[in-house]
Asker: 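Structure in structure tokens, see below.
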Amino acid sequence: MSHFAELCAGFRKCHSNPLNVALHVVTTPTCIFAVYCLANQYVEQNIEVSHWITGEITYQSTYQKKQNFFGLLLQHTYFLMPLVLDAIPNVDGHYLTWIVAQNTVVHTKLTAPKEKANLAFMRQWILDQKPSTEQTTHWWFNKLDEKPRKAFDEIATSEGVLGMFREKFSKAIYNVEVLEGMNEIYVACEQHKMNSDTVFYMQHIDGPWYMIPFCGAYRCILAVNDNERISTLFPMAPAKHTLTNGDIVGFDFNREIHYIENNPGTVKGKEPRMTLKLHYVVYPKALKPLGKLLGYLTTLYDINARKLFLATIKPTGLFSQITAYGILVVTNLMFLGEKLVGYYNMVYVALAVLGNFLVHDRFYLCATSFMHYMMYLGTYHQKTNISYGTFLRNVIFFKTLALINLAYFYLTSFQYDPISLAMIVIGYGISGKAAAALGVEKTYFGVELGICKPKWVDAFPYNVIPHPMIVGSILGLLGIFKMEGLRQAVPYLVPVHIFLYTCHMLQEIVFDVYRQPKKVD
């Protein structure tokens, strides 16, 4: 057994990525079957592909140069399935990572001597150009002279900036590449009345390539001089950064809602806010063509949007004024679509509807009824690095769809049943009362995720019923399930709801964040 434990320890080091292990759970039994079919090449390709996708080295590569290679290979092969099963509970992270709303905003401060020297050079160069005080000023990287271009490039490729990305995106799995065509020097201006500059003070998303998956085009804002006047805000994270000399924050150009605002109680500084806008594309090494495509499309969009922006930065004629207003309207509509629903959610629902026609007439029902439970379970387990605004939007959206599904089947099979109605009213009444007592943020893990401070609630129903929100919802679901027509039409719907709700309740009980540690005498 001790020898097997050693094998497990070595195997785990090469199988810590949840996706890699999940792929092994599928491919390993397939490969074992293939062995019996003498398809050895097929076996090797299936084992390698999951490591290629996730960037983890293979376990075989750790011992293939040892003298007893064939003996170790025989043991590895013989115990392969038990080793995969052992790796399942020992991965880094969890298996619901893909549906948890991850906070992808990155930030750091550049402190290396060369980085600080280059920033000081850029500050003086900007001051020497005497930027306008009437509108924002922009210099694009590819049009800079040699000295500022060299300093800018050294900052963009510095270890401080690239290391910021490595904290979230493993070097073994992801490539981080500079998008030079988008880089610019930006000097702020507080005058922004109904022109293109107004966009910066509105909640907005910069780019349109939201739906290209697994990759991200990042815009980084690097403060060149001291600043206490203007902050950059990310309401979905949520986060607020008042960037001063050397501070840098990076966000997804095509997905992250953001805006700037003047901090209350501050006055205009002696120098305008100076920043470098640095841009990068981040993509899994296994998806290099897709990452390159995103980088190309984002750069192309930015160059063309830049022309329109400059044409409306100081509108004079009627046409330029209408164009500037149109930019603001479109920007606001794009923001609202992401803020209220989310473009990934829209596409997911559209695919679920399509599945109803192409796969099964209950495909949409199953795809939209239980998603919020998966988000509950994954988010409660992870707790850190959560984009809370995105999580809140997603769970409310999918919970609403789930309730609509339940209401549809209940009403279309309705027969008067006073007990069923009473259970629904009492159950959801208790759940609603519990939610009202807590408030929206505390109802949806605000305390657990560090968004708001804990507050002990002893009002009804918390002083009578443990976990009243879940208990009340389960009672209401049982009332819905009592309707005979619904049970015949979708016999699995309510039981799956109750099962997943119970799983989450047990998760809260076992991993109770409010439980005080026992005192040791």
Side-chain angles (χ1 to χ4, degrees), residues 99 101 339-342 344-353 355-356 360-380 389-446 461 465 467-505 507-508:
I99 59 173
K339 176 79 171 181
L340 300 177
V341 180
Y344 275 146
N345 293 340
M346 293 180 193
V347 172
Y348 179 86
V349 170
L351 291 175
V353 171
N356 244 43
H360 193 279
D361 61 2
R362 292 286 187 261
F363 188 92
Y364 171 85
L365 175 67
C366 295
T368 57
S369 290
F370 313 117
M371 180 61 74
H372 61 294
Y373 297 117
M374 301 296 104
M375 293 175 177
Y376 290 159
L377 292 165
T379 302
Y380 194 91
T390 307
F391 160 73
L392 187 62
R393 178 203 67 198
N394 290 348
V395 293
I396 290 176
F397 175 73
F398 281 106
K399 185 172 184 177
T400 301
L401 292 183
L403 291 174
I404 290 172
N405 291 339
L406 287 166
Y408 170 79
F409 283 100
Y410 186 82
L411 294 175
T412 54
S413 59
F414 183 78
Q415 292 179 336
Y416 180 69
D417 185 338
I419 297 177
S420 170
L421 292 171
M423 292 173 70
I424 293 171
V425 170
I426 294 171
Y428 284 110
I430 292 171
S431 181
K433 181 68 175 174
L438 287 180
V440 174
E441 287 188 344
K442 292 186 177 68
T443 294
Y444 291 101
F445 306 162
I465 305 169
H467 298 277
M469 217 174 305
I470 296 177
V471 171
S473 294
I474 290 176
L475 177 60
L477 286 166
L478 290 172
I480 292 172
F481 196 57
K482 193 175 182 301
M483 187 60 60
E484 182 178 355
L486 180 142
R487 292 200 305 274
Q488 292 177 352
V490 281
Y492 52 83
L493 182 60
V494 171
V496 175
H497 270 285
I498 293 174
F499 171 75
L500 292 173
Y501 239 142
T502 303
C503 286
H504 176 53
M505 182 172 66
Q507 183 187 39
E508 286 191 339

Asker: If every non-hydrogen atom of L365 is compared with every non-hydrogen atom of N356, which pair is closest and at what distance?
Answerer: N-OD1, 4.4 Å
Asker: Indicate the atoms forming the closest heavy-atom contact of A101 with N394, along with that distance.
Answerer: CB-ND2, 4.5 Å
Asker: Do other residues, nucleotides or ligands put more than 12 heavy atoms under 6.0 Å from the NZ atom of K433?
Answerer: no
Asker: At their closest point, which heavy atom of S369 faces which heavy atom of N405, and how far apart are they?
Answerer: OG-ND2, 3.0 Å
Asker: Output the distance between atom CG (L493) and atom CZ (F481), rounded to the nearest 0.5 Å.
Answerer: 9.0 Å
Asker: Once you measure the plane-to-plane angle for Y380 and F445, does it fall in the parallel (<30°), tilted (30-60°) or perpendicular (>60°) bin?
Answerer: perpendicular
Asker: Which salt bridge (Lys or Arg N to Asp or Glu O under 4.0 Å) pairs, counting each pair once, include a residue from residues 403-426, with sequence neighbours left out?
Answerer: D417-K482
Asker: Should the heavy atoms of other residues, nucleotides or ligands under 6.0 Å from CZ of F499 be counted, would the total exceed 12?
Answerer: no
Asker: Step by step, would you call F398 with Y348 a ring pair (Phe, Tyr, Trp, His ring centres under 6.0 Å)?
Answerer: CA-CA 11 Å; F398 281 106; Y348 179 86; 5.6 Å; yes
Asker: Of all residues at least two apart in sequence or in a different chain, which pass the side-chain contact (heavy atoms from CB on, under 4.5 Å) check with I396?
Answerer: L392, T400, Y444
Asker: If you compare all heavy atoms of V494 against all heavy atoms of L477, which two are closest, and at what distance to 0.1 Å?
Answerer: CG1-O, 3.4 Å
Asker: For a quick test of reading the model, state the closest non-hydrogen atom pair linking L351 to F363 and the distance between them.
Answerer: O-CE2, 4.2 Å
Asker: List in chain and number order the residues that pass ring pair (Phe, Tyr, Trp, His ring centres under 6.0 Å) with Y410, two or more places apart in sequence or in another chain; answer none if no residue qualifies.
Answerer: F414
Asker: Kindly compute the distance separating OG (S413) from CE (M483), expressed to the nearest 0.5 Å.
Answerer: 6.0 Å
Asker: Which heavy atom in I99 sits nearest to a heavy atom in M375, and how many Å separate them?
Answerer: O-CG, 3.8 Å
